[in-house]
Amino acid sequence: MPPTPVDPAQSFPELEEQVLERWRERDVFQESLRRRAGRPQWVFYEGPPTANGRPGAHHVLARVFKDIYPRYKTMRGYYVERKGGWDCHGLPVEIAVEQQLGISSKAEIEAYGIEAFNQRCRESVFTFLEDWNRLTERIGFWLDLDHAYRTLDPDYIESVWWALRQISDKGLLYEGHKVVPYCPRCGTALSSHELALGYRDVVDPSIYVRFPVTQDGGPLQAGDELLVWTTTPWTLVSNAAVAVDPELTYVRAKAGPLERPVVLAEALVERVLGEDADIVVLDRFPGAALDGVRYEPPFGYLPASAYGERGHTVLLADFVTAEDGTGLVHTAIAFGEDDFRLGQRYHLEVVNPVRLDGTYDERIGPYAGRFVKDADRDLIADLERRGRLLRAEEYEHSYPHCWRCGTPLLYYAKPSWYIATSTLRDRLLAANETVAWHPEHIKHGRFGDWLLNNVDWALSRERYWGTPLPVWRCEEGHTHVVGSFDELEELSGVRLEDPHRPYVDAVGFPCPQCNLRMERVPEVIDVWFDSGSMPFAQEHAPFEHEERFEARFPADYICEALDQTRGWFYSLLAISTLLFDQAPYRNVVCLGLILDGEGQKMSKSKGNIVVPWDVIDRYGADAFRWYFFTAKQPWDGYRFSEEAIGEGVRLFLRQLWSTYHFLSLYSADADAAAGAGAPTELDRWIRSRLAATVAEVTERLDAYDATFAGRAVAAFVDDLSNWYVRRSRARFWAGEAAAFATLRDCLLTVSKLLAPFTPFVADAIYEGLGGPEPSVHLEDWPEADATARDEALEADMAVARETVRMGLSARGQSKVKVRQPLREAVVVAAGRERRAIEAHADVVRDELNVKALRFVDRADELGSYELKANYRTLGPRFGPQMPQVAAAIAALDPAHVAAALREGRHVGVNVDGHDHELGPDDLTLALQPLDGYQLEREGSHAVALDLAVDEELRGEGLAREVVRAVQNARKAAGLAVEDRIALTLGGDAELLAAARANEAYVAGETLAVAVAYDGAQAQTASIEGRDLHIGVARA
RNA sequence: GGGCGAUUAGCUCAGUCGGUUAGAGCGCUUCUCUGAUAAGGAAGAGGUCCCAGGUUCGAGUCCUGGAUCGCCCA
């Protein structure tokens, strides 16, 4: 071992910088790949982030989990490529550029020029690339950033086109007219998974409007009023009809303050009209009776004829409920999915008086040009003025907003391109069955549920910066989907250098069917289709590297935050199922959210964002990583706390480092004294614990459970530090080779176990211990040494430690400090327990500072037994008879039973006239201490202390006080631990007498080569109120 | 309104197949140990296991309903 001095107060952030430097010098990441070349692959897919924002704490979380399993699998012998990736397209990028340019509409973008705009998008995508790269390296995420795939590259886009062509060839790409969530600010429709990203709680108006009936008919008379509820007053201007449930019971009723009879669902009368409104029900009838009733619309801007025959009439529908509202539902064909379907059924015309920018068009008179959501208040006032309003309230509900710009979405009937994923629902579900989700409940819960309710993928976006939709169309309406750049060149004679808009827009060709010129449709595609195509697009498959793609599909492992259920997890699965009919990943780890210390969501506006660099600079990347890995199961989310990170450093990393420092402190002596000493029980014990730990960590990591794997390492390090080293110190002072070898082996193995978790400190320790490879990350994962495992020994040690714990507790109760030796400890234990304690008697004696252990089998002299039933064994046997059994056991004589069990006999009890035999496992014997003894018990096992202190013991106790005082003096004098001294003592006569009587002990403990008693005055310590003068001089 | 998850000590979290006295760490108080450690050990204080029913000889654990929080959907 090289005698590298280990700084016990090492700064971890500084250490990590040194390790990073060494990794660079030795090219460790690449070397770790080279060494596994040709081995079986274990495939990781990087879900591409967008580098146009700074990385935050949640990115660190994702990145360290993306790192740990690839590192582990590499050590297990797999070849684990880690190709980086960047998501480059989409609205977020466009919005950032719009902000730079100070513009905010599509018209302004087009005025600015699509070419120039897209050029700026291209530049903006990688604004924070350096930040991302720096952070990625600094937190030890090994990722190939030099060969990262980028969704804006022509090769990538060509693969995406290929995928769309495949989907089109299967007849699954279509243009449809549907009501879609639409962002009027961004001017584009959103897919359902984008929709999922933007729900917010908002307060909207909730109004009850009166629609006067215009003709007598059925149960109603002209002048009766239909009561209609809506939370979107802005859609009332294009009210087309009113929907009712044909089965539901409605009433025509008169309520106190209202002049006219009103119509609404019977179940909602009191809720709508008020409980004390003096209601008189004039008539009851099913909703079907209202079919065809004509009414006067709330606003007259659009005539009934605009909608066709059934305009402004009551229609029968299947989506009306009596849960809220009035049971009569306002229907505006263009602004709701249910409305749209109903309109189709009754052949109503789609009338949409709202422009694409979300303002009313000229048909809506005074409101023309106003943003619809802003008109709510005035429309309500207008209704009120005209006596059409029954009541206006506010209503809090969650409503979808644009996930990037925050504008409330409008539901809008629009033409859009779709992929018919819903026809593949069974295949999606089947693919999902093959995936191991972590946590497991995602599979049939959140994600499975989502697949079950799958709707067609709204693919097109009426935007600029994205993969162009490769669909060309002629005037006859024929369409052609282009699947490669070669094909486009063949058709058009144009070879595109950059396939983005606007260049691609200029390319046309004759229609293969009718020879008319085909032009590309204007849309680009959903960015989620880009990232979901990465399994093949990152390789430019199938145009190139097809065999590489096939060898790397599907992925063994992906990891992203939970919100990707509707994002990347879905788009990957959907595209893979569409193209290859199989899942693109085998194991998924879903990460939860990071909240701040108060449980609040982190947001820029609250100013509670955690800046990763602050944590790294203060505690280090390993500390950050360790926190994420071990604080809790990652999918449960985190309440981020700097204190918790600090605690991890103090209690784990520092403890580990200190153990390593301890080894280095004495290793120089070890070389000199090599060969001395055979392995002890303690050596065998810690090696057994090590083997158990290796097995457990391996098992947990195989199960993608980093949390319990890490905690198992921590438990081992605690045993190593607080029991093995603590109990073995004297052997290290003596330079016993077996002790050094054991500790070194343990730390070396720990460094390997920790390599995936805390790659920096693991490598520093490995290097410091003289590990054979240039880095721990080039090592093989340790094998659990089955021959080292000795479970009996581990159990025995646990009993011995328990005995120590009880003895110390008895000490604490008796107020006799441990420094004062006592004559004996009486240990009550029999059988296995007794043998275990006897085997480790020296340890127990030493820890308790007693001269001897005396064993007694029976506790009669120390206390009486208490006998209890063991429900765990007896419960299943006796079931409902348990109360009687427990009573019968309570009636037994405990001393008798104790004696019988000691002799291995069974005990008989009679329950309900039947005799039963009870064995030792069925009964628990506990000791009940008698007065006057200091006794601690645990089950049948107890420790009592003989508290008598005679002259000799008293002298030894004082000698030990003297030693402690001298040690303090040594430290104060700045001596090194191995320095020999000349010791001079003076002061209180009794202290000096005690020291003299135990001089060999005092000298040995303090490394004094000579002891003099001539009253030196160098330092003075106080022991039990007496002065001790101490002089230490290096000998 | 529906789905999924969570709720255990002041804080952060364990708690296996249902077993009768629910644990750990941190923090606090007192004591103690110390040739590595900002460490270790002992004691004390600190609990309505979210609530209410139910199943069972027995429920933190299983079932039903509800509350609160988070996420997702409508």
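Residue numbers start from 1 in every chain, and the chains themselves are labelled A, B, ... in the order their sequence lines are given, proteins ahead of strands. The structure presented is a predicted model; accordingly, all values stated were derived computationally and were not measured.
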For RNA chain B, what string of dots and brackets results from 5' to 3' when Watson-Crick and G-U pairs need both distances under 3.5 Å, crossing pairs get [ ], and pairs with another strand get |?
(((((((..((((.....[...)))).(((((.......))))).....(((((..]....)))))))))))).
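- In this structure, A:R960 reaches the B:U34 phosphate: one of its side-chain N or O atoms is under 4.0 Å from OP1 or OP2.
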Base contacts versus sugar-phosphate-only contacts with protein, heavy atoms under 4.0 Å: please encode nucleotides 3-10 of chain B as B, S and - from 5' to 3'.
BBS-----
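- Rounding to the nearest 0.5 Å places CD of A:E1005 at 14.0 Å from CZ of A:R964.
- Put simply, A:R805 has a side-chain N or O that comes within less than 4.0 Å of OP1 or OP2 on B:A43.
- The side chain of A:Y666 contributes an N or O atom lying less than 4.0 Å from OP1 or OP2 of B:A36.
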At under 4.0 Å between heavy atoms, which parts of nucleotides 60-67 of chain B does protein reach? Answer with one letter per nucleotide, 5' to 3': B base, S sugar-phosphate only, - none.
--------
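- Contact of A:E1005 with B:G35 (side chain to base): a donor-acceptor pair of N or O atoms is detected under 3.5 Å.
- Distance CZ/A:F629 to CZ/A:R711: 13.5 Å, rounded to 0.5 Å.
- Look at A:R650 and you'll find a side-chain N or O under 4.0 angstrom from OP1 or OP2 of B:A39.
- A syn base is found at B:G35: its glycosidic angle is within 90° of 0.
- Side-chain contact check for A:W229 and A:S206: at least one donor-acceptor pair (N or O, by modelled atom type) lies under 3.5 Å.
- Of the two residues contacting RNA chain B, namely A:R711 and A:L562, the nearest-nucleotide position lying further toward the 5' end is that of A:R711.
- Side chain of A:E847 to main chain of A:G807: no donor-acceptor pair is present (N/O by atom type, distance under 3.5 Å, no hydrogens or angles).
- Scanning all heavy atoms of the two residues, the minimum distance from A:H840 to A:A800 falls at CB-CB, 3.8 Å.
- Residue A:Q967 places at least one side-chain N or O closer than 4.0 Å to OP1 or OP2 of B:G35.
- A side-chain donor from one of A:Q655 and A:D718 sits under 3.5 Å from a side-chain acceptor of the other.
- In this structure, A:V804 and A:L808 have side chains that are in contact, with non-hydrogen atoms separated by less than 4.5 Å.
- Aromatic ring centres of A:Y627 and A:Y638: separated by under 6.0 Å.
- Within the 4.5 Å cutoff, the side chain of A:D719 has no heavy atoms near those of the A:Y724 side chain.
- In this structure, A:P439 reaches neither bases nor backbone, as no heavy-atom distance under 4.0 Å exists between it and the strands shown.
- A:T565 comes within contact range of no nucleotide atom at all, as no heavy-atom separation falls under 4.0 Å.
- Between A:F716 and A:V713 there is no side-chain heavy-atom pair separated by less than 4.5 Å.
- Remark: the A:S721 side chain and the B:A39 base include no donor-acceptor N/O pair separated by less than 3.5 Å.
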